[in-house]
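Naming: A, B, ... by sequence-line order, numbering from 1 per chain. FYI, side chains are in, hydrogens and waters are out, and symmetry mates aren't considered; it's all heavy atoms of this structure.
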Amino acid sequence: MKIQPVEILLVEDNPVDVMMTREAFTSGRVCNNLHVAEDGEEAMDFLYRRGKYSSAPSPEIILLDLNLPRKDGREVLAEIKADPSLRHIPVIILTTSADETDIWKSYELQANCFITKPVNLEQFTQALECVGDFWFTLVKLPAPPKP
Amino acid sequence: MAGVANRPGGYDKELVEFLQPYVNACAKVIEAYRSENRRLQAEKQLAQAHADLEGKVLERTAELGLANDRLALEVQERKSAEQAVTSERQRLYNVLETLPVYVCLLDSDYRMPFANRYFRETFGESHGRRCHDFLFDRTEPCEICETYTVMKTRAPHHWYWTGPNGRDYDIYDFPFIDTDGSFLILEMGMDITERKQAEDALKQTLADLTRTNADLEQFAYVASHDLQEPLRNVASCLQLLEKKCGDKLDADAIQYISYAVEGAVRMKALIQDLLSYSRVGTRGKPLGPTDCELILAHAVRNLNPAISEARAVITHDPLPTITADDTQLLQVFQNLIANAVKFRTDQPPQVHVSAVKAKNEWIFSVKDNGIGIDSRHFDRIYVIFQRLNKRNQYDGTGIGLAIVKKVVERHRGQVWVESQLGTGTTFYFTIPENGIQIG
């Protein structure tokens, strides 16, 4: 178990889903800081530390919804994976969509994985706990090489 | 002279003088006799010659008569032949003049040695003027004209032309050698204005339909997505409520929450089913070769949980390869078998799938030994979300048969049912052999 809290960026516009995600990660086994951006523009501002996010930490993992106002999750994904300073960050697509085209396009844009949000609260919590176990415990997350 | 010529002693002068007149007289008689002979001979000869001549004349007359007859016959034949030629020529000319298309000949100088009535009545008389002049008042040949490519290529050419009257023509040009050996262009033009308009209208309708379909697909996707989000919120919040405040709530409250969540879950299922239903049209593929045995196996695999739970036995006759949309056919088999398994009696369900070839189509059947359907309801069952049982008796939204019907009808087939309550049900559907889909 990590001692330092894992910095997570959640890009999600639905307040209920934000609430449920927060709930799931709070009751989870891993210590984490959950940062929330409500649309694609805010997400990019956070990642580039623009405006109100000037002192934002660099997230170690990004949970990204696809259907967002202003800037779409698909655009955000493309931009992150095109930027050498951001593309190492694992991006987990967390969306209501189960559409095959969405799944294919996301992996094509180099998303690390794709999860369709379960409707059931129980199952949603379990899924996020799975995410936590896998990405924060089992998997090694990248850290920039020391100069 | 007998007796005198051979007197012994010969003849002396006195005797001779004495006999001379006698001899002369004899000579004259002999002469006369000879002449008479000659005369008779001559007469005979004359008569003979006369007869020969007459014979010859008769012969010649007969020959001439025959020759005359022959000549008269020849003249008659010649006359009929000429008449026939004239008739035929008139007939061919009438054909050209009557044709409901235009036919004309064009020479290398853009003039028209021939134009049939249709041409003359449609475009007027050329009066020797060049075609681009008398048709369009142009001094130079029309740029878009393709007729004269025949001059270069010496090959037939086909193209479309709009005349000075604004009508559209289907033009066929041919190389033509005239009777004097000169090279002309034979042109035939058919008025296709109405047909072209119909074609354009059809193209427009097709474009409209494609666009409408695209709009519908987008609408369905967006609507389903946007409709589902508030539903999820309702369901999630209720579940959170139960989780966080459950211990503060009484049994009734818990029950209300339960029904509310159920309602939301049900609505989500309905929306998803509506989306699937609309996609039969918008996501339908062109029809292609489809192995029904593979499709059936796939459907059975998909239904494995339900099938094993019910201990159902699925059997089938050999199934053909047909022309269909394989994804949609899968939905049909899957929905029909799912129903057959779901609506069972306390006996393990037995489902049999078969296919029979009829004149231009395949007739499939899915037969079960389940609860059956009352014949009163045979039409209702295909209506979206129509159910014949109480809400909680059986699972599902009631979209299965609506999708079956829509898919089968997209393939230009038909679906119908035979059933007896308590005994079982057989669903039949047809797929035409040389399939072309609707939409």
Greater than 12 external heavy atoms within 6.0 Å of [X]'s [atom1]:
X	atom1	answer
B:Asp395	CG	no
B:Tyr394	OH	yes
A:Arg50	CZ	yes
B:Tyr256	OH	no
A:Lys105	NZ	no

Spacing of [X] atom [atom1] and [Y] atom [atom2] [to the nearest 0.5 Å]:
X	Y	atom1	atom2	answer
B:Cys237	A:Met19	SG	CE	4.0 Å
A:Lys117	B:Ser236	NZ	OG	9.0 Å
A:Leu121	B:Leu241	CG	CG	11.0 Å
B:Gln228	A:Thr96	CD	OG1	7.0 Å

Practice prompt. Considering non-hydrogen atoms only, spot the tightest contact between B:Gln239 and A:Glu122 and give its length.
Written response: OE1-N, 4.3 Å

Worksheet item: Taking C-beta and beyond as the side chain, do B:Arg232 and A:Asp17 meet within less than 4.5 Å on heavy atoms?
Response: yes

